Amino acid sequence: MTTFDSTKRSLPELLKDITNGKIQLPDFQRGWVWDDDHVKSLLVSIARSFPVGAVMLMETGGEVRFQTRPVEGIDPNSVTNDPDHLILDGQQRLTSLTQAVGLTSPVNTRTAKGKKIRRHYYFDIRTALEGEDRLEEAVVAVDVNRQTHKNFGREVDRDLSTRQLECEQLLFPCDKILDPSDWLQDLFRYNQEAMGDFLEFQKKILGAFSAYQLPVIELKKETSKEAVCLVFEKVNTGGVQLSVFELITASYAAEGYNLRDDWFGSDIRKVPSRKARLENHELLADVESTDLLQAITLLHTHERKHQDLLDGKTGKQVRPVSAKRASVLDLPLEAYQRWADAVEKGFIEAAYFLKGECFYSRREMPYATQLVPLAAVMTLLGDRWREPRIHAKLTRWFWSGVLGELYGGAVETRIALDLEELMVWFKNDSELPRTVIDASFDPSRLETLRSRNSAAYKGINVLILREGANDFFWKGDIQELDKQDVALDIHHIFPRAWCEDQGLSYRVYDAIINKTPISARTNRMIGGDAPSAYLARLQDHKQVQLDDAAMDAILEGHRIPTEALRADDFNAFYQQRKQRLLEIIEKAMGKKPLAGADEEAPVAADSEAQTI
């Protein structure tokens, strides 16, 4: 028995069924993502009667009962709740055509760089009649007010805000393509001499839209839910590839569970958003749905492995703990429902742990990937992570991953090992996790850390802050000032201008050894002067008035050697601060840096500066 039919349907007929809700989307489908260029290109393809690919619809009323939603741009309260067909493939094309041609409201699209914009689309009739090779130029996009601007938005370049202006300039709105009759009447009123051009345009361009036939593959309602999900995955391998979340959402939808609602929430179905709850915590605002799924998969496979061992299985019979894509895609709905709330709490506990380590904002976070095993571990530990011995081990593991730079790139294997090995280590002091064993810090790395995007760079900066480093000018430590929205950044201790005057290479003076977090106000006061000069200026400021001992105490909080700084001795400062940074790194990792930590590296100057 065949499970599908192949046919053709006219574009106007399809758009009519979409706008009245007879054709809708299964609710697990991703949102519409096409940009302005894609919309224009599609309009041109239809106008030239080029093929744009088949669409796949599924007949409703069978075993598979997905929750549904209208195509984007259509008010769900204005259409039926009982569609005849659902779109399995072709959503982007059909939504683009619906919004640009089937609705009068502006198209909610985006630029090629992803910026959200609202556009109305027109055909320049005269340009369109110059030949098919001019059709791309003939499609015009204007803003929500039906205008375009120049001179950085200060002047109106093209104004189509009234029907009269459209007719006078002979630009035809795409939302009138399916029914141009009233526009034609207004053209006769405002620009009668252009009627001949319009009739030719109607025949060539509008006729192409009204006669356009789309190939349609229709799955019958007898198709099983397994087959529907498999077909959905296969037909969506091209274009914008489906994420793990979207594939699992489709799988769960066939079992009657709306994962999309659980993550994003639904006002229609009164479902609260798990994502929104996590976003209430600053450090969790970037947590993705796939992070949650990966953490749940870790716990599901961890539990499964222990059950295999209890059942007496050995060797390859014991299924491993895994965070790989294939394992996430195999996550049963029952496991998701059982673990989801607990893992959500685990992420929140992870945020509390990170705050205890002095991470307060997302930009400070070294690795998003390390949050997944941390949340899984927190889920298993519950409140026990606050026990001093467990907390000390958890802290050492975390900083080993950060300063050892072990959580960049593909980390699925490490994530799985860390969950298992951490839980064993909490019980047995002698069995160190692989991440703690593997982690090492080469002292020369301090000389190459220049980018604030580096995990180790971020980590060392927070290690300085956690000691309570105060600003050189404003009263208060850096993290408290950050909470008060004081402008802060990481700046040079020996100013760039001074270093360049001394012939120092940027490879030396731009390293983290010569940087520390201070306020923008302090940095402006430092300027490009030698430290001895700017320290005196800061201390003598009428609103500061600090003696040397008080200022030295602030500098020590930043692990800055005061004697070398006041003497403007960059070489001595460089070596001494390097050692002080290595000391806090050693403390955090629970092990000494690699051999060679005490060796002094030369500081480049003059002719050497260009070759270091």
Side-chain angles (χ1 to χ4, degrees), residues 441-450 452 456-457 460-461 463-465 467-473 478 489-519 521-541 544-587 593 596-612:
F441 191 89
D442 187 335
S444 65
R445 182 73 174 110
L446 287 173
E447 299 165 20
T448 62
L449 284 173
R450 301 182 188 91
R452 64 194 63 202
Y457 189 107
I460 292 169
N461 185 53
L463 287 177
I464 295 170
L465 294 177
E467 303 297 327
N470 288 325
D471 187 51
F472 296 179
F473 178 82
I478 296 296
D489 209 340
I490 300 171
H491 295 288
H492 295 95
I493 301 167
F494 276 77
R496 178 192 299 268
W498 184 90
C499 292
E500 291 177 347
D501 286 344
Q502 305 303 308
L504 296 173
S505 168
Y506 84 95
R507 295 178 183 274
V508 174
Y509 72 70
D510 206 41
I512 195 172
I513 298 169
N514 186 39
K515 292 180 180 177
T516 202
I518 53 177
S519 68
R521 173 67 184 275
T522 298
N523 188 55
R524 288 194 298 271
M525 293 182 70
I526 286 173
D529 294 334
S532 59
Y534 75 65
L535 286 174
R537 184 164 58 250
L538 283 168
Q539 290 177 227
D540 292 341
H541 193 284
V544 178
Q545 297 295 302
L546 289 178
D547 59 22
D548 286 355
M551 179 57 81
D552 287 353
I554 292 175
L555 296 172
E556 290 289 348
H558 290 254
R559 295 298 187 269
I560 295 173
T562 57
E563 185 176 339
L565 187 70
R566 290 186 180 279
D568 300 332
D569 187 344
F570 185 86
N571 282 1
F573 156 83
Y574 192 86
Q575 300 304 334
Q576 292 171 30
R577 189 159 197 259
K578 179 179 177 181
Q579 291 303 315
R580 295 189 182 190
L581 294 180
L582 289 172
E583 288 169 5
I584 62 175
I585 291 169
E586 176 183 339
K587 181 180 177 182
D598 295 327
E599 296 178 4
E600 291 192 2
V603 174
D606 301 325
S607 60
E608 292 181 73
Q610 306 307 315
T611 58
I612 288 182

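What you are looking at is a predicted structure, and each value in this text was computed from that prediction instead of being measured.
P593 places a side-chain heavy atom less than 4.5 Å from the side chain of E586. Within the 4.5 Å cutoff, side-chain heavy atoms of Y534 are placed close to those of P495. A 4.5 Å side-chain heavy-atom check between I460 and R559 finds every atom pair outside the cut-off. The shortest side-chain heavy-atom distance between L582 and Q579 falls under the 4.5 Å cut-off. Residues D548 and R566 are in side-chain contact: their nearest non-hydrogen atoms beyond the backbone lie under 4.5 Å apart.
Closest of all the heavy-atom pairs between I560 and R580 is O-NH1, 3.4 Å. P561 and Q576 get closest at one heavy-atom pair: CB-OE1, 3.1 Å. When all heavy atoms of Y574 and A511 are compared, the pair lying nearest together is OH-CB, 4.3 Å. Scanning all heavy atoms of the two residues, the minimum distance from I512 to L446 falls at CG2-O, 3.6 Å. Of all heavy-atom pairs spanning M551 and L535, the tightest one is CG-CD2, 4.1 Å. Contact detail for H492 and R496: the closest heavy-atom pair is CE1-NH2, 3.6 Å.
Judged by distance alone, the side chain of R577 and the main-chain N or O of K515 form a donor-acceptor pair under 3.5 Å. Looking only at distances, no side-chain donor or acceptor of D510 sits under 3.5 Å from a matching main-chain atom of R450. In terms of modelled atom types and a separation under 3.5 Å, the side chain of R507 and the main chain of L504 share no donor-acceptor contact.
A distance of 10.5 Å separates CG of L565 from CZ of F570, quoted to the nearest 0.5 Å. Rounded to the nearest 0.5 Å, atoms CZ (R445) and CG (L581) are 13.5 Å apart. With rounding to the nearest 0.5 angstrom, the CD atom of E583 is 10.5 Å from the NZ atom of K587. Separation of atoms CD (E563) and CG (L555) is listed at 13.0 Å; rounding is to 0.5 Å.
By the side-chain hydrogen bond (donor to acceptor under 3.5 Å, both in side chains) test, E500 pairs with Y509, sequence neighbours left out. With sequence neighbours left out, the side-chain hydrogen bond (donor to acceptor under 3.5 Å, both in side chains) criterion links N461 to no other residue. For R537, the side-chain hydrogen bond (donor to acceptor under 3.5 Å, both in side chains) partners are D529, not counting sequence neighbours.
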